[in-house]
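Notes follow once the structure below has been shown.
Atoms considered below: every heavy atom in the structure, side chains included; atoms not considered: hydrogens, waters and symmetry mates. Chain letters run A, B, ... following the sequence lines, proteins first and then strands; every chain starts at 1.
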Amino acid sequence: MNRRAWLLAPVIALVSLGLGLIVLWLLLPLVSPGSGSPGSHVDPLRLEAGDFDSSPVVAWFADVGGDFGQVDGARSRSALHAEVSLEAEHYPQIALELRDLSPNARVYLFWRSANSPGAASSMALADVKEGENWYSLAGQEDWRGSISAIALVAVAGPRPPLLRVAAVAFHGGTRQALVERSWSQWTRFDPWKMGSVNRYAGARGDVIVYPAVAFAAWSAIALLVFLGAARLLRLPRPVIAAVALSLLFLPWIGLDRIWQSQLDAQFEVTRDRFGGLTQAEKHQREMDSEIQRYAARLASSLPSAPENRIFLLHDSTGHNYWRLRLQFHLLPRNIYNFGRELLSGMRPGDHVLVLGDVEGVGYDAARGLLSDGERAWRAQLVDRHRHGRVYRLDERVKPAPGGEGG
Amino acid sequence: MALLLPWMAGAALLGAFLPAARLTILLGQGFMVGQVLVVLVLLAVHALGLGVSFLPGAVALTVVAFASAVTWWARTNRVMPSWPGRSAGWHLLWLIPLTWFLFERGTVLAGELALRPLYAWDAWMNWAPKAVVWFNHATLTPFVSPADWLQAAPGEPVYTLGNWRAAEYPPGVPLILLWMMLGAGSADHTLIYLPWFLLPVSLALALWGHLRNRSAAPWLAALAVYAWLSQPLPGIHAALAGYADLWLAVAFCLGAMALDEWQSTGCVRYAALALVMALACSLFKIPGLAMAGILLVAAVILVARPSIRVLATATIIVAACLVAGLIAGMWPGLWVQGDTPTELGLPGTLPTLRIEPSPLLPYLWESLFVQANWHLLWLLVLGSLGLGLVDRGSAILRSIPLLVLFAGSGFLLFVFGFTHYFNQAVNGVTFNRAILFLAPIAVYVAFGQLVPWFQRSPDSDESGA
């Protein structure tokens, strides 16, 4: 009996996993809004780069409220627009393949309906990256009727950012489309950020189902199928436990292979950036290399003995990256890195490092006065740079009104 | 040398102390013991007014390693346990995939650590700065709160950090970093963070050894190693080095496993090992004080040996209160009376807790089952506990690691579900890192519950590993 049970075990496991996949396949439309709507089981409608032309973005903005009124230089920007002819209800999802996207650019999708040709609707595309990006359209109130044109606009600061469209595809609510979308979002590479130690979501963007949920559901369904079969077949305990473990760990391995692909891509990026370099050369490639150069310059101006106190002022609250990185790069200098004003606890001989412009803090070079309106010091300007200024405090005085900037 | 010497000293010391222990346990537990030795040696050297440098510490660790090795040899007439005997060929079925996984994952994580300069936020804000200052001053210059820094007398060399409370964090991780800096002769090199890469490796060794002691078959122990090393968030902490969370997680689990050995073998020396791990927990992070307390209470439970009825009753009451509180927290307005929340003051520099029942359940669900931080770990834990209950009923509460996991979970649920730290769960900065404290012990508990389902005779495997 035991031998037969062990021989049956792999077969049972595979059958359970297969049945689990089938159940998931059947349940798939439940996870996506609009996927069950009549007519949504259509082939994708694709647009290539050549189908897009430029048009003035203001032609689209004029119809849409929100923050577009604050977009500087709207008249100088262009939208990438394309003529289409599709029924919105048939296409509840969109996949955009973007190239040359400027960092920190916000991208908006606009569309016009044949019913209201003079008006445009819009949708902000959250978490958009270079490469393939999927979004649900079914939840958009204005995504209905016959759509006659679409446009894409990228916004980032005062200058028009880069945006190049490789392809756009409107997808129906078919199971194939949902699987294609999920797989794209699960395997989309996301470079590590400083906050990556806090969480690993497993997918980014407009996610309809997270990979951990999908694989857990697969495992759970397979386990339920198997436990039913185990009761019928009266399998021995070790066989039950072994098969149950395999029904958990085979999906686990699947999840892990996705994670490994992320790690491999991340390592490629890191190797391209830092491979073969000395430590000093690596620092030149870091995001804050400019701050590091500034800190190196300040090394001669700021004493490093622990008895010498340095106050770092910056116009920020909370944990600001730039001031904290500067403090780190100035170690082992003894730095107090809080606030944006001169403190009562400052003493003659202390240094004050004003990083950037700090509202209210000014230096009257003629009189050698450093002041924030509340307190004033006779101080020497030790170093002046576009990133900041360093002062050495000599003597506290009564505040002088209207101190000039340093 | 800075990397291997503490490990050798720790393993040798454990070998002398626990001569019959498996090699994998000596190496796995020995890594952390060695790091604790580093911390204690540096603190002692500083207390003696000798400043801090590599040589005294290296000499001390070498003496410990040598003396321990001699003692170990004298007790057992050999230093190394016997190598594994011949095993059945079918073991290659799991050995080859595991070896491939270790190579593939290890290469990428080690490469990431070796190539990238210090990167993760808290690493360069909270932990590394102390080590950099100490390295440059060759002494353990005191760090104080910003308020105390402002009040310090002129010329008094005290430092503060850019994070308001970070100066009060325990010194363990900065001292481990300082040791590596002293050995490297530099405060700025990627390889000084190698202990972060070895940390999960050492736990994997200990996990293997302790599970094998619980009569787990080699393939099951190998699966546990895979379950631990494959999890994304611990892997990220190994590669983006510099945080203290992984250290606390590993120390907590090692302590629980040591208690399990004490419970199973009756060898009280494992209790001493658990105390060392409790000390380690308290050296790494402020929450480590609570984790240390949990290990100590667990040790008391092992001494007191309450009946199953008492354990079950206490567990059910605590669990019921937690569950009720978490559910009640979904409607906090019903429970908080007035505008002034109740405060729970803690001694010393520990923070005061504002008691605020909060809707933690959705965030807990998201962290454990939606995000991919842990792969399917928590499904494994629930399933294995289910199998354990089916198999042994309330007798599973005799498992001290299970009680430790339960207590650790209760502590985190209380902090994030009933105090103002709920905000940390909302902003996602700290919550998953706190759950990381429980990840390794969860693996051990899960596989511990599975072992009886595959029970084999302990004589059937000659492996000394």
Side-chain angles (χ1 to χ4, degrees), chain A residues 192 194-203 210-213 215-216 219-220 223 237-238 240-242 244-245 248-249 251-252 255-256 258-260 263-264 266-267 270-271 273-275 279 282-283 286 304-307 319 321 323-325 327-328 331-332 334-338 343 345 347, chain B residues 104-105 108-109 111-112 115-117 119-122 124-125 128-129 132-133 136-137 141 146 149-151 154-160 162-164 188-190 223 226-227 230 232-233 235-237 240 243 367 369-373 375-376 379-380 383 387 428-430 432-433 450 453-454:
Chain A
W192 282 349
M194 273 178 275
S196 294
V197 288
N198 298 326
R199 77 175 70 82
Y200 169 60
Y210 283 86
V213 174
F215 281 83
S219 176
L223 277 166
R237 283 163 46 101
I240 292 176
L245 265 184
L248 183 83
F249 273 95
W252 183 310
L255 260 181
D256 195 54
I258 297 175
W259 170 234
Q260 183 67 45
L263 286 175
D264 292 339
Q266 176 58 59
F267 183 55
T270 303
R271 193 165 55 186
R273 193 168 174 196
F274 297 118
Q279 189 75 357
K282 287 178 186 177
H283 287 314
E286 289 189 280
S304 61
E307 302 81 30
H319 292 165
Y321 175 77
R323 70 186 301 172
L324 288 167
R325 285 296 279 180
Q327 179 181 14
F328 176 69
L331 290 173
N334 195 351
I335 297 176
Y336 181 91
N337 190 6
F338 298 92
L343 299 177
R347 300 173 189 142
Chain B
E104 186 184 43
R105 188 61 49 89
V108 167
L109 294 181
E112 190 68 40
L115 287 174
R116 182 195 291 268
Y119 181 65
W121 191 294
D122 282 13
W124 52 260
M125 183 175 70
V132 171
V133 169
N136 279 276
H137 293 172
T141 314
W149 187 92
L150 287 173
Q151 303 296 325
E156 184 181 352
V158 293
Y159 275 69
T160 192
N163 179 11
W164 200 264
D188 182 21
H189 200 284
T190 53
L223 195 59
Y226 173 74
S230 64
L233 202 63
I236 293 173
H237 276 250
L240 297 182
Y243 274 53
S367 171
F369 298 108
V370 176
Q371 295 175 3
N373 302 304
H375 287 334
L376 303 181
L379 200 61
L380 171 68
L387 284 178
V429 171
T430 310
N432 289 322
R433 287 195 278 124
L450 293 172
W453 285 72
F454 301 102

> Which pair of heavy atoms, one from B/Ala120 and one from A/Val197, lies closest together, and at what distance?
Replying inline: CB-CG1, 4.0 Å
>> Can you confirm if the aromatic rings of B/Trp124 and A/Tyr321 lie within a centre distance of less than 6.0 Å?
In response: yes
> Do A/Leu331 and B/Asn136 come within less than 4.5 Å of each other through their side chains, counting heavy atoms only?
Replying inline: no
>> Tell me if the centroids of the rings in A/Phe338 and B/Trp164 come within less than 6.0 Å of each other.
In response: yes
>> Contact between A/Leu263 and B/Glu112 at the side-chain level, heavy atoms closer than 4.5 Å - yes or no?
In response: no
>> So for B/Gln151, is it side chain, backbone, both, or neither that comes closer than 4.5 Å to the heavy atoms of chain A?
In response: backbone
> Once you round to the nearest 0.5 Å, how far does CH2 of A/Trp192 lie from CG of B/Leu240?
Replying inline: 5.0 Å
>> Taking side chain to side chain contact (heavy atoms under 4.5 Å, CB included) as the definition, give me every residue that meets it alongside A/Phe274, ordered by chain and number, with sequence neighbours left out.
In response: A/Thr270, A/Lys282, A/Arg285, A/Glu286, B/Leu115, B/Arg116, B/Pro117
> What are the two closest non-hydrogen atoms of B/Leu376 and A/Ala212, and how far apart are they?
Replying inline: CD2-O, 3.9 Å
>> So A/Phe215 and B/His375, do their side chains get closer than 4.5 Å, heavy atoms only?
In response: no
> With B/Phe369, which residues qualify under ring-ring contact (aromatic ring centres under 6.0 Å, His included), at least two apart?
Replying inline: B/Trp365
> What part of B/Leu450 gets closer than 4.5 Å to chain A, counting heavy atoms only: side chain, backbone, both or neither?
Replying inline: side chain
> Nearest 0.5 Å, what's the CG-CG distance between B/Asp122 and A/Leu324?
Replying inline: 10.0 Å
> Tell me, do B/Val133 and A/Asn334 make a side-chain contact under 4.5 Å, heavy atoms counted?
Replying inline: no
> Using non-hydrogen atoms only, which part of A/Ala244 is less than 4.5 Å away from chain B: side chain, backbone, both, or neither?
Replying inline: neither
> Measuring heavy-atom distances to chain A, does B/Leu233 have an atom under 4.5 Å in its side chain, in its backbone, in both, or in neither?
Replying inline: side chain
> Which bit of B/Asn163 comes within less than 4.5 Å of chain A, counting heavy atoms only: side chain, backbone, both or neither?
Replying inline: both
> Where the side chain of B/Asn432 meets the backbone of A/Asn198, is there a donor-acceptor pair that is under 3.5 Å apart?
Replying inline: yes
> Is the shortest heavy-atom distance from the side chain of B/Tyr119 to the side chain of A/Met194 under 4.5 Å?
Replying inline: yes
>> One pair to check against side-chain hydrogen bond (donor to acceptor under 3.5 Å, both in side chains): B/Tyr226 and A/Asp256. What are the steps and the verdict?
In response: CA-CA 10 Å; B/Tyr226 173 74; A/Asp256 195 54; 3.2 Å; yes
> Relative to chain A, which segment of B/Thr190 carries a heavy atom at a distance below 4.5 Å: side chain, backbone, both, or neither?
Replying inline: both
> What pair of heavy atoms forms the shortest contact from B/Trp453 to A/Ala241, and how long is it?
Replying inline: CB-CB, 3.7 Å
